[in-house]
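A short worksheet on the structure shown next.
Order of the sequence lines sets the chain letters (A, B, ...), proteins ahead of strands, with each chain counted from 1.
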There are 2 protein chains.
Amino acid sequence: MQLSSEGLSKHEAVYRALREAIVNGRYGPGDRLVLSVIARDLDVSPVPVREAMRRLEAESLVTFERNVGARVNTLDGEAWEQLVEMLALLDGYAVVRAQRRITPAALDEAQELNDALRDQAAGPTDHERVMSLHRRFHRVIYACGDNEYLIESLDSLWDRIDASRVLASEYPAKRLASAVDEHDDLLRQLRARDVSPAELERCTRQHSLNAILAIRGRLR
Amino acid sequence: MQLSSEGLSKHEAVYRALREAIVNGRYGPGDRLVLSVIARDLDVSPVPVREAMRRLEAESLVTFERNVGARVNTLDGEAWEQLVEMLALLDGYAVVRAQRRITPAALDEAQELNDALRDQAAGPTDHERVMSLHRRFHRVIYACGDNEYLIESLDSLWDRIDASRVLASEYPAKRLASAVDEHDDLLRQLRARDVSPAELERCTRQHSLNAILAIRGRLR
DNA sequence: GACGCCGGAATCGTATACGATTCGTCGAGG
DNA sequence: CCTCGACGAATCGTATACGATTCCGGCGTC
C-alpha cells in the first residue's frame, strides 16, 4: 500500500488509503486491521493510523473490539438487505430531485455509461468495471439532485455495499442485463418529463429492490 | 464536564461526553474544541480526545481545520433545509415500515408522549423538554420499523439537526401546536390501518417539511 | 489422551515529548 | 496614525514509550 503524499496530513492519507482498500476489496469483510502492521506498511507511527480507523469505524466500515483490534465489517444477509433497502429509498428520492434539474449533457453522460455497461453485460464479466460503471451511472444523476447531504449519504451507502463484496461475488449476469434495461427506461422517463414524481420514485425504488430479489437466497 | 467511567475505554467516554455536549447545545455551532483544554477538563491525555473528535468529524458534528483545530459544525439556512428534507424522506419511510409492525403498546406510548407535548405547547415553552419529547415520539415509531440502519441514520440526522440549535432557537410555538395535531393524525392513521402506504408516506413527509416552511425566513 | 493452567508473544490503549504551524501582538518604520 | 514584519504563545500533528489485556501454545496433572 502507498500513501498519496500531497500535502495531506498523515492521518488523512492513511484514511484514504485504508478506505480505498476496503471499498475495493483489497481488504475483505472480516479481515483484521492491525495497527502496528499498517503503520509499518505506510511508514507512519500508529497514532495517525488509529485516527484514520476511528473515522472508518464511525462510517461503519470497520468494527473495533476492545483490546483485540479492528476488523473490516461483515454483513449478514439481513443487514445487507436493509442497507440496499435504504439505498433504494435515497436513490429514488435523488432521482425525483434530479428530474426537475437534469441537463441534456448529464442525460448523455448517463446514457454513455449505461451503454458501456451493456457492453460489459454481453462479454465476460469484469466485476470491478461493472461496479464502477454502475456507480458512476447513478452518481451522474445524484449530482443533478443538488442536495449535498443526499449525495454524501448515497456515497456512504454505496461504499458500505461495495465493501461487503456481495455484489462483487453474487451479482448474477442475468440481473445485470435487466438492470441495464431498467436504466434505459429511467433515462427515457427523465427525458420525457411527463412522468409524475411519485411514479418515478416508485419505479426507481423498485429498480434497487430488484437487486435484493436477484440475490436473496444466495447469501449464507 | 464529566466522564461516565463504567469500564469504557477513555476515548469512548470522551466521545460520548463530547457528543452529548454538542447535541444538547452546551457547545454551540462554531465553538472551538481545543484538544488540550478538553483533555485537561476530562483528565485524560490528548490522544484519546483526538480519537473521539475524529469520530465526531466523521459524523459531521465537528469540522477540523488543519493545524488550527476543530469547531462545532455550523449550518447555513440551505444546508439546514437539506438536512430536514432528508429527515422527511427517512422518517416517512420509517413510518411506512412501522405501519405493518406497530403494536398497541407502542401506539399508546407515542400517544402519551404527544399528549405531554400538547401540555408543553399550552404552557411556557421549555425548548429542551419539547425537543426531547418530540424526538422520543418519533423514535418510538422508528423502533417499530425494525431496520437498524434506518434507525441509525435517523438518529444521526436528528443529532445534527439538534446540534445546529435551529429548532431550539427558531421553532415557533404556533408550529408546535400544529405539529401536535399532525402527530395525532398520524397515530389515527396507524391505528386505522386502512391508509395506503403511499398516502401515509406522503403525509408523513409533509409533516417534516412543514417544519422547514415554519422556519424558512427566520434564518440568516 | 483430555483438560486446565501458566507464561510469553502479540496487540491494544494511553501518556508524554517535541517539532511544526498558525495566530495574535507589539514595535519599528513610513 | 497606519502598515508591515518579526517574535512569542497557543495549538496542532506525530513519534516514541510503556503498562494492560488478550491470545496461543506448551506443560503438567488427572
Exercise. Is A:Leu150 close to B:Gln82 at the side-chain level, that is, under 4.5 Å between some pair of heavy atoms?
Worked result: no
Exercise. So which nucleotide from C:dT22, C:dC12, C:dT14 ends up closest to the side chain of B:Asn67?
Worked result: C:dT22
Exercise. Looking at the side chain of A:Ser36, which of D:dG13, D:dA15, C:dC12 is the nearest nucleotide?
Worked result: C:dC12
For this session: Establish, with yes or no, whether the OP1 or OP2 oxygen of D:dC12 is under 4.0 angstrom from a side-chain nitrogen or oxygen of B:Arg50.
Result: no
Exercise. Could you state the CE-P distance from A:Met53 to C:dC12, rounded to the nearest angstrom?
Worked result: 7 Å
For this session: Please report, rounded to the nearest Å, how far the P atom of C:dA20 is from the CD atom of B:Glu65.
Result: 21 Å
Exercise. Is A:Arg135 positioned over the aromatic face of A:Tyr142, cation under 6.0 angstrom from the ring centre and no more than 45 degrees off axis?
Worked result: no
Problem set entry | Among D:dG13, C:dT11, C:dA15, the nucleotide that comes nearest once only the side chain of A:Arg32 is considered | C:dT11
Exercise. Taking CZ from A:Arg54 and P from C:dT14, how many angstroms apart are they, rounded to a whole number?
Worked result: 8 Å
For this session: May I ask you to evaluate whether B:Ser45 reaches the phosphate of C:dA15, defined as a side-chain N or O under 4.0 Å from OP1 or OP2?
Result: yes
Problem set entry | Closest-nucleotide 5' rank along DNA chain D - winner of A:Val68 and A:Asp43 | A:Asp43
For this session: Would you mind reading off the distance between B:Glu51 atom CD and C:dA15 atom C1', rounded to a whole angstrom?
Result: 13 Å
Problem set entry | Nucleotide C:dA10, atom P - distance to CG of A:Leu35 in whole Å | 16 Å
Exercise. Does the ring of A:Phe64 carry A:Arg54 above it, NZ/CZ under 6.0 angstrom from centre and within 45° of its axis?
Worked result: yes
Exercise. Could you walk me through whether A:Glu12 and A:Arg16 pass the salt bridge (charged side-chain N to carboxylate O under 4.0 Å, His left out) check?
Worked result: CA-CA 6 Å; A:Glu12 182 79 27; A:Arg16 296 191 190 190; 3.3 Å; yes
Exercise. OP1 or OP2 of D:dT14 sitting under 4.0 Å from any side-chain N/O of A:His11?
Worked result: yes
Exercise. More 5' along DNA chain D: B:Val34 or A:Pro48, using each one's nearest nucleotide?
Worked result: B:Val34
Problem set entry | Integer-rounded Å distance: D:dT14 P and B:Arg66 CZ | 7 Å
Exercise. Would you say the side-chain atoms of A:Tyr93 and B:Glu85 include a donor-acceptor pair closer than 3.5 Å?
Worked result: yes
For this session: Check the distance between D:dG13's C1' and A:Tyr15's OH and give it to me in whole angstrom.
Result: 19 Å
Problem set entry | Proximal nucleotide (of C:dT16, D:dA15, D:dT16) relative to the B:Pro46 side chain | C:dT16
Exercise. Tell me: NZ of A:Lys10 to P of D:dG13, nearest whole Å?
Worked result: 13 Å
